[in-house]
Amino acid sequence: MLMYYCIATILLSSLSLSGAASNYESEHCPTLKADFTRRQLNEWSSSTPFTIADGGDGNDKAKHVPVLTISEDGGNFTIVVGNGNEENGVWHPQVASDDPNVVHFVTHIYAEDQDGNVIYMRTLNPQAGEPATITTLVPEGVTELTPYSFCNLHGLWVGDTVSTGGTEQTDRIITCAGSDALEWVEGAWPSVKADLQRQQMVTFGSDAPYTESDSEKHTPFITVHDNGTASILVGSVAGGIHPMVGSADGVEEPHWITEVFVVDDQDNFITLKTLDPTGVEQAAMDFSVPENAQNLTAYIWCNIHGLYVGPTVNVASINSSNQEAGSDETEENANSASEVLASVCSSIVAVLLTNFL
Ligand SMILES: *[C@@H]1O[C@H](CO)[C@@H](O)[C@H](O)[C@H]1NC(C)=O
Ligand SMILES: *[C@@H]1O[C@H](CO)[C@@H](O)[C@H](O)[C@H]1NC(C)=O
Ligand SMILES: *[C@@H]1O[C@H](CO)[C@@H](O)[C@H](O)[C@H]1NC(C)=O
Ligand SMILES: *[C@@H]1O[C@H](CO)[C@@H](O)[C@H](O)[C@H]1NC(C)=O
Ligand SMILES: [Fe+2]
Ligand SMILES: [Fe+2]
C-alpha cells in the first residue's frame, strides 16, 4: 500500500517538474554511466569511449565494439559485443575467474536514446560465455539507440547509432534497468571480486584491501541480530558514514559504495549486493546468516577509494550470548519496516525535489 503511495508521490513530483535536464526514475544507471566515463578518463586519459578505430588490427578490431539491431517487428533490440557471426570475426571473450590476473569480460552493456539518456543497462555473467549480449524492449518515445559496452580490462566502447522507427515523445520519464538487471548473478560473484582485487592493484599498487585503520568511514561493520539476520553499515556514527552520492544526469561525478559482499572463514560467498545510491544517505544492507555460519567478514568497494575489509564477526559467540530470541516481535518489526519505508520514500522525494528545483 505504502509502496504504491510512494511510487505515486515520486511519479507526481517528477511529472510536475517536466522540462528538467534529466528525468530519470532512478539514478542507478546514470551513476554507473558517469563512473564508466570517470574510469575511462583515469585509465585511458580521455573520457571519450573507444570506437572501432581504436580496435587494433585484423580480426580483433571489432572485438569490443557493441552492435545494435532492431527486431523485425520493431519491438525489441539486441546488442552483441564483437562480430563473431561474421566470417573470421571474433566475439569478445567472457573469461570467468577468481584470479585477478585472468578475469576478463564485458561487465556491462547499455543503450542510450536520442537525447543521451541511458534507457537500458545490464550486468553480465561471464559464466554465460560468448557472445556478451542482451535483448530487451524498445521503449516508447525512443527514436534512436546507441549501444555501449564496458570491458573490465579495456574500457568503454561505443557502436553505431540505429533508428528505431519510433516517434518522439516529450516529457518522458526515463526508466532504465530494474535494480535486478544491475545485480550480479551468483555465478559472477568470484569474477566480480577478482576484478575488484585487480582494480585495487592497478589503482593503489597492492591487491590487499584497506582496513578500519585506513578509514573508518569506508569500513563495513556487521551487526548480527537474534532472528537469523545481520545488517551491514559502511562507516559508523562516531567515525563518519560513507556518502552515497549518485549522478542524476550521468555527467556529475558520483561517489558511492558500489558493492558489498560477505564471505565465511573459507572465503566462500555468503552474499554480494550492488547498491543503488538513489535516495539513500548511507550504504547499508541486510542478509540472512546461514545456519552453520561461524565467522563472517564483509568487504566493500568505493568507486573512488577502493576495496575495504571490515572486522570479522564471530556469529557462534554472539548466538550463545543471545539465546532468548523473541517470537513476539513480529508486529514491532513490521511497524519499523513500514517506518523505514516511509522515511526512504520521503528521502527519495526530497532528493528528487532538491535535484529538480
Ligand atoms: C520480443 O518482443 C516481444 C513482444 O514484442 C516479446 O514477446 C518477446 O519476448 C521479445 N523477445 C525477447 C527475446 O525479449
Ligand atoms: C531481525 O531483527 C532486526 C533487528 O531487530 C530487524 O531490524 C529485522 O527487521 C529483523 N528481520 C526479520 C526478518 O525479522
Ligand atoms: C544463530 O542463531 C540464528 C537464529 O536463531 C540461527 O538461524 C543460526 O543458525 C545460528 N547460528 C549458529 C552458528 O548457531
Ligand atoms: C572463527 O574465528 C575464531 C577466532 O575468532 C577461530 O578460533 C575459529 O577457528 C574460526 N572458525 C573457523 C571455522 O574458522
Ligand atoms: Fe577486453
Ligand atoms: Fe569513498
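When a ligand or atom number is given, it counts from 1 through the structure's own listing order.
Counting only protein N, O or S atoms closer than 2.8 Å to the Fe ion (ligand 6) gives 5.
Remark: minimum distance from atom 13 (C) of ligand 4 to any protein heavy atom is reached at D265 OD2, 3.3 Å. In this structure, the protein non-hydrogen atom closest to atom 5 (O) of ligand 4 is N314 ND2, 3.9 Å. Given atom 11 (N) of ligand 4, the protein heavy atom at minimum distance is N295 ND2, 2.9 Å.
Using a 4.0 Å threshold on non-hydrogen atoms, atom 2 (O) of ligand 4 counts as touching the protein. Within the 4.0 Å cut-off (strictly below), no protein heavy atom is located near atom 7 (O) of ligand 4.
Among heteroatoms of the N, O or S kind in H64, NE2 lies nearest the Fe ion (ligand 5).
Between H154 and W44, the ring-plane angle classifies as tilted under the 30° and 60° cut-offs. By the 30° and 60° cut-offs, the orientation of the rings of Y110 relative to Y148 is parallel. Using a 30° and 60° split on the angle between ring planes, F261 and Y299 fall in the parallel class, below 30°. Ring geometry for H255 against H218 counts as tilted: the plane angle lies between 30° and 60°, on a 0 to 90° scale.
Residues S149 and V81 share a closest heavy-atom pair of CB-CG2, 3.8 Å. Between V245 and P277, the closest heavy-atom pair is C-CB, 4.5 Å.
The only option from L233, I232, V315, T297 that meets the side-chain contact (heavy atoms from CB on, under 4.5 Å) definition with I222 turns out to be I232.
A distance of 6.0 Å or more separates the ring centres of W157 and H108.
Side-chain contact check for N59 and N88: no donor-acceptor pair (N or O, by modelled atom type) lies under 3.5 Å.
Take the Fe ion (ligand 5) as the corner point: the lines to SG of C151 and to ND1 of H154 open at 90°, to the nearest 10 degrees.
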